[in-house]
Q: 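What follows is a structure written as structure tokens; I'll ask about it next.
Every chain is numbered from 1 and lettered A, B, ... according to where its sequence line falls, protein lines coming before strand lines.
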Amino acid sequence: MIRLVAALGAAVLAGLAGLGRLALFTAQTLSHLARPPFYPREFGHALVQIGYNSLPVVGLTALFTGGALALQIYAGGARFSAEAVVPQIVAIGMVRELGPVLVGLMIAARVTSSIAAEIATMKVTEQIDALVTLSTHPMKYLTLPRVLAATLVMPVLVAVGDTIGIFGGFIVGTERLGFNATTYLKNTVDFLEARDVASSLVKGAAFGFIAALMGCYFGMTSARGAMGVGRATKGAVVAAAVLILAANLILTEAFFAL
Amino acid sequence: MIRLAQVHKSFGTNDVLRGVDLDVARGESMVVIGGSGTGKSVLIKCILGLVAPDSGTITVDGQDVTRVPRDAFLARFGMLFQGAALFDSLPVWQNVAFRLLRGRLKRPRTEARAIAIAKLRRVGLDADVADRLPAELSGGMQKRVGLARAIAADPEVIFFDEPTTGLDPIMAGVINALIREIVTEMGATAITITHDMTSVRAIADRVAMLHRGKVRWCGPVGDIDAATDPYLDQFIHGRADGPIETLR
């Protein structure tokens, strides 16, 4: 029994220590926002890598999800003669929930893993040490540009995902379920409110911050060797996905309260 | 110029440095030898501030390295890493000119590129290498690029961490000769870490042997063959039998 309590205590302490390290890492990252030098070239590169290069995967995910959502809502709505609500529910479902969450998870899979593996490999091959000897702060050069770029570009990706998702629903609604195109679009536009869009974009920024931060944190704290890089990558993706889902609940609750 | 006094460093229960005392004079080429895991790399990382010592003092020109402005301090140093540590995502010339493209030593891009190409030529590489990525180069070429990067900003002190590891004997000889030439012509102070006795004889003015976290022997390179220290004798002759414990 004592061993069990000791093991539980050790796990709790390790968890708290990890949270403390993550909080410190986050604070250090943010502190570099106000302290030059800045690296605009690295920021621009990160914008392209995280934003522009993620467009295909974001677009395809949203398109298929929007189409499937329309079919599900139609099938479910038919049970109580509410098939007509497909445009409205697709719009609100994509914009308030599925758009930001799915884009966030796709970015966690594509970008967080890439950042963690890249930075962990840099650590293993002494490139991080080389940066320091070249008078360049690794957090300024590697972490801040990626976190800032992801935070700023994710709302754009989410907006693109929302739009394409609604378009996926529109295609299925008009081509498969027999909705009138003009009516479908009108119902979509009339039903959406500014705060729906605002909540989507705010979630996008928060999820982008989390995704890039986790990639950088696990990369920078990676252990040596190939196994260390593998663990850092896996840990970063899992942590980013879980934190994105937790943040989604908190932000949804916050927007409900408004 | 560089003075280490009673420097200790542990990682967990592993005491790596157990009171290192070492003096390196200005313009001197000091080579630190010792078996694997004796703390040679940790030693130079402590001098550069990449690793903080647990106790003891490290001074450069009389100034405690933990109390000097970091950027100005690091601008005086160049380092060639064991695996070259080139940045994969940058072409060769941007690796070499990294320091000249940002920070306090920043120059116009065209000037930085010209300096990078001149430094590449100095280490025996053609200008057509400049736009290639590090992954496209052989191990020997990567080492040369790493050397060009280490000397790009004309540092006062250069560290070489296992400069010939992984290279064939001919390329190792080329790198050794380059290091000796460059250190002499620049008048730089050099600290080299190596297991390779050919490198020691080619590069060193003085040699320090690290064993069990302390400097076991230190003296001019010409004295190592006549030294009576049994640990040094075993190491430089590569004998399995002797006071240094080996795993079999």
Q: Would you sort out whether A:V132 and B:L48 count as a side-chain contact (heavy atoms from CB on, under 4.5 Å), showing the intermediate values?
A: CA-CA 9 Å; A:V132 177; B:L48 282 167; over 6 Å; no
Q: Once you round to the nearest 0.5 Å, how far does CD of A:Q49 lie from OG of B:S89?
A: 9.5 Å
Q: Do the side chains of B:F98 and A:T136 get nearer than 4.5 Å, heavy atoms only?
A: yes
Q: Counting N and O atoms only, with roles assigned by atom type, does the side chain of B:R102 sit under 3.5 Å from a partner on the main chain of A:S135, one being a donor and the other an acceptor?
A: no
Q: Does atom CZ of B:F11 have more than 12 heavy-atom neighbours from other groups under 6.0 Å away?
A: yes
Q: Around atom CZ of B:R121, are there more than 12 heavy atoms of other residues, nucleotides or ligands at under 6.0 Å?
A: no
Q: Under 6.0 Å from the CZ atom of B:R3, do we count more than 12 heavy atoms belonging to anything else shown?
A: no
Q: Mark yes when over 12 heavy atoms from residues, nucleotides or ligands other than A:R35 sit less than 6.0 Å from its CZ; otherwise mark no.
A: yes
Q: Going through the checks in order, is the side-chain contact (heavy atoms from CB on, under 4.5 Å) test met by B:F81 and A:T125?
A: CA-CA 9 Å; B:F81 285 84; A:T125 56; over 6 Å; no
Q: Quick check on the interface: out of B:K45, B:R70, B:Q82, who has the most heavy-atom pairs with chain A under 4.5 Å?
A: B:K45
Q: Identify the heavy atoms of B:R149 and A:A130 that sit nearest to each other, and give their distance.
A: NH2-CB, 3.7 Å
Q: Is any side-chain heavy atom of B:M79 less than 4.5 Å from a side-chain heavy atom of A:D129?
A: no
Q: Give a yes or no on this: more than 12 heavy atoms of other residues, nucleotides or ligands lie within 6.0 Å of atom CZ of B:F73.
A: yes
Q: Where on B:L80 is there a heavy atom nearer than 4.5 Å to chain A: the side chain, the backbone, both, or neither?
A: neither
Q: Which bit of B:L86 comes within less than 4.5 Å of chain A, counting heavy atoms only: side chain, backbone, both or neither?
A: backbone
Q: Counting only heavy atoms from other residues, nucleotides and ligands, does the tally under 6.0 Å from CZ of B:R122 exceed 12?
A: yes
Q: May I ask you to test the A:R41-B:L101 pair for a side-chain heavy-atom distance under 4.5 Å?
A: no
Q: Of the backbone (N, CA, C, O) and the side chain (C-beta and beyond), which part of B:D88 lies under 4.5 Å from a heavy atom of chain A, both, or neither?
A: both
Q: CD1 of A:I128 to CZ of B:F87: how many Å apart, nearest 0.5 Å?
A: 8.5 Å
